[in-house]
Amino acid sequence: MSRGGRPLGLGRLAARGAAISFLAQVIRLVIQLLSLVVLSRFLSPEDVGLVATAMVVIGLALVLQDLGLSSAAIQATNLSDGQRSNLMWINVALGSVLTLVTLLAAVPLAGVFGQPALIPIFQVLAAQFVLASGTAQFRANIVRELRFTSLAIAEVSAQIIAVTCAIWLSVLGFGPWALVLQVMLSQVVLTSALVPLGRWPIRWYNHRHSIRALLFFGANLAGTQVLNYLSRSADVFIIGATLSSSSVGLYNRALQTITVPLQQLQAPATTVALPVLSKLREQPGRFSEFLITGQTALLWGVMSLLAFVSAFSESIVAIVLGPQWTECAPLIRILAIGGLFQAAGYATYWIFLAKGLTSSNLRFDLYFRPLSIGCIFVGSLGGLSGIALGFMVSSFIGWVGALLWLSRIVRAPLLEMFLIALRAMIVFLGTSYAAKWLLGQFGIEANVLMVTFGLLIYTSTIIALIGVIATLRADFRRALKVLHYLRGAL
């Protein structure tokens with residue numbers, strides 16, 4: 001890649017990729033939030049709960065169909081067209097098998113949740129596996145070549161088309177099918193775009209092009225992803241199996257309010273960080289510098305938002321989702337704090353992948369994920385709020401546990417990573433809840449006024465703290481450094 005005939009170095013490519021990915025994710029975040037707001041006005045908690053329940057199963061199958069092979073391709077030092085083709089055919093075979101299994105299992109799966117309405121939903125969503133499996137290596141090739149502009153255009157276009165159709169269908173009264181067709185249309189459009197963009201000279205499967213090391217990397221990563229997914233989905237599964245679809249819908253909307261900004265900021269950060277950190281893994285100084293700078297920028301972007309959402313959850317739900325979702329507010333307050341812990345742990349995942357420590361990551365998850373599911377199961381004894389508390393506790397254990405695990409096996413600035421995250425949590429949570437308390441002393445109760453004045457007090461206090469606390473100022477400068485690179489890269 002070049003600019004003005006001059007090749008771009010790795011740092012410039014990383015900055016340009018991060019800038020493009022960040023802008024794309026800002027657009028996607030706005031689209032998703034708009035979708036969340038509009039669809040919540042036309043869909044009931046039961047409609048949302050049906051599709052959320054189905055996606056628990058579908059999401060697990062999507063992890064299995066990739067088998068970690070797309071990440072294996074991205075991090076590989078050298079990858080031939082033959083190896084890439086072999087990986088693609090394995091993905092396609094897995095996707096086809098999973099489609100068939102889901103079609104056959106639709107009836108018993110619906111029986112587990114006691115919801116016959118899930119049968120046709122499972123059957124339609126089953127086709128997603130073939131599409132997603134066929135796309136995986138094409139997307140990996142685009143990321144490997146750091147062609148983030150092409151990837152951003154494809155992903156944003158797919159989302160715009162799918163969300164527009166979902167809103168239109170919800171207005172027409174299609175209920176949960178508006179969400180089902182949104183998922184399918186997004187995958188169809190994305191597949192149509194990524195296949196020609198990421199194309200290479202595709203060959204039939206050939207054993208002469210060995211992929212043993214890639215399969216080993218992918219299998220370990222897939223094991224980690226499955227365990228991670230099971231622990232993250234245990235809450236929805238437990239609610240779906242023991243409570244009503246409406247309860248699933250309420251919890252899902254609360255969780256989405258938290259995970260939408262988390263995913264939209266974390267996904268491009270990981271997409272850019274993984275190939276760059278993989279190339280810097282033999283240069284400890286540059287590796288640590290890139291890791292700390294990237295983590296700080298990500299944490300400030302995510303935590304500043306989630307802390308405010310936690311403190312002002314009642315007003316935000318009333319403004320954004322509407323009166324039928326009032327019961328989401330106390331769940332959001334707790335889940336947002338869990339989101340802070342999850343965000344703090346993202347950079348540890350980068351280390352596992354970039355250093356090729358997927359087997360160690362799997363061993364860690366074999367200890368942590370059952371503990372995480374146990375936290376949620378115990379929390380379920382207290383209903384939806386108890387499950388949210390279980391999510392928060394398990395997220396904290398995952399963050400601290402990963403740091404302690406890595407301290408035994410790799411040299412990385414782990415203590416500094418912990419302190420940066422802890423400072424951000426204390427400052428953003430403390431400031432946001434202090435702002436809410438102050439407004440309560442003045443008797444302000446109107447939702448719009450509460451959020452407006454709360455944001456003003458919150459922002460001005462953060463600025464003041466940056467001015468007087470040296471360590472906080474240093475963290476802020478790191479975040480600004482990333483923004484400077486992003487602006488200069490475009």
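Residue numbers count from 1 along this sequence.
- Side chain of Asp47 to backbone of Ser44: a donor-acceptor contact under 3.5 angstrom is found.
- Within 6.0 Å of CZ in Phe237 there are 12 or fewer heavy atoms belonging to other residues, nucleotides or ligands.
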Can Val101 and Phe129 be said to form a side-chain contact (heavy atoms from CB on, under 4.5 Å), step by step?
CA-CA 11 Å; Val101 169; Phe129 306 136; over 6 Å; no

Can you check side-chain contact (heavy atoms from CB on, under 4.5 Å) on Met55 and Leu125, steps first, answer last?
CA-CA 9 Å; Met55 289 305 297; Leu125 289 175; 3.8 Å; yes

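- Counting heavy atoms from C-beta outward, Leu406 and Ile409 have side chains that approach closer than 4.5 Å.
- A pairwise comparison of heavy atoms in Ile334 and Ser385 identifies CD1-O, 4.1 Å as the closest pair.
- Put simply, the side chain of Leu39 reaches to within 4.5 Å of the side chain of Gln182, judged on heavy atoms.
- A donor-acceptor pair under 3.5 Å links the side-chain atoms of Ser432 to the main chain of Ala307, judged by distance alone.
- With rounding to the nearest 0.5 Å, the separation of CG in Leu340 from CE in Met392 is 10.5 Å.
- Residues Ala354 and Phe287 come closest through the heavy atom pair CB-CE1, 4.0 Å.
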After noting the C-alpha distance and the side-chain angles of Ser304 and Ile462, does the key distance pass the side-chain contact (heavy atoms from CB on, under 4.5 Å) rule?
CA-CA 9 Å; Ser304 60; Ile462 292 294; over 6 Å; no

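- Exactly one of Ile319, Val317, Thr452 qualifies for a side-chain contact (heavy atoms from CB on, under 4.5 Å) with Asn447. That residue is Ile319.
- No close placement of the Phe308 and Phe428 rings is indicated, their centers lying 6.0 Å or farther apart.
- In this structure, Phe396 and Trp399 have perpendicular ring planes: the angle between them is above 60°, well past the 30° mark.
- Between the CD1 atom of Ile420 and the CD atom of Gln295 there is a distance of 5.5 Å, given to the nearest 0.5 Å.
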Begin from the C-alpha positions of Trp405 and Thr348 and carry the test side chain to side chain donor-acceptor pair (under 3.5 Å) through to its verdict.
CA-CA 10 Å; Trp405 186 275; Thr348 61; over 6 Å; no

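- Other residues, nucleotides and ligands place more than 12 heavy atoms under 6.0 Å from the CD atom of Glu314.
- Ser288 places none of its side-chain heavy atoms less than 4.5 Å from the side chain of Glu416.
- Of all heavy-atom pairs spanning Gly49 and Val248, the tightest one is O-CG1, 3.5 Å.
- Taking CG of Leu250 as the start and CG of Leu255 as the end, the distance is 12.5 Å to the nearest 0.5 Å.
- Residues Tyr349 and Asn361 meet the side-chain proximity criterion, which asks for heavy atoms closer than 4.5 Å.
- Atom CG of Leu335 is separated from atom CG of Asp235 by 8.0 Å, given to the nearest 0.5 angstrom.
- Atom CG of Leu456 and atom CG of Leu439 lie 9.5 Å apart (nearest 0.5 Å).
- Contact check for Leu414 versus Ile351: side-chain heavy atoms found under the 4.5 Å cut-off.
- Proximity of Leu384 to Ile239: side-chain heavy atoms (C-beta onward) are separated by under 4.5 Å at one or more points.
- Using a 4.5 Å heavy-atom threshold, the side chains of Ile58 and Gln128 count as touching.
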Would Lys436 and Tyr458 count as a side-chain contact (heavy atoms from CB on, under 4.5 Å) here? Give the steps.
CA-CA 9 Å; Lys436 182 182 179 181; Tyr458 177 61; over 6 Å; no

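- Across Ile316 and Val309, no two heavy atoms sit closer than the pair CD1-CA, 3.7 Å.
- Between the Arg478 side chain and the Thr293 main chain, no donor and acceptor come within less than 3.5 Å of each other.
- Looking at heavy atoms from C-beta onward, Leu118 lies out of side-chain contact with Val57 at the 4.5 angstrom threshold.
- The backbone N or O of Arg253 sits nowhere less than 3.5 Å from a side-chain atom of Trp325 that would complete a donor-acceptor pair.
- Heavy atoms from other residues, nucleotides or ligands lying under 6.0 Å from CZ of Arg411 number 12 at most.
- Atom CG of Leu87 and atom CD of Gln137 lie 4.5 Å apart (nearest 0.5 Å).
- With hydrogens and angles left out, the side-chain atoms of Tyr433 and Ser310 include a donor and acceptor closer than 3.5 Å.
- Taking all atoms of both residues into account, the shortest heavy-atom contact from Leu299 to Ala343 is CD2-O, 3.4 Å.
- Of the possible polar contacts, none joining the Ser35 side chain to the Ile31 backbone as a donor-acceptor pair under 3.5 Å is found.
- In this structure, Ala52 and Asn252 approach most closely via the heavy-atom pair CB-ND2, 3.5 Å.
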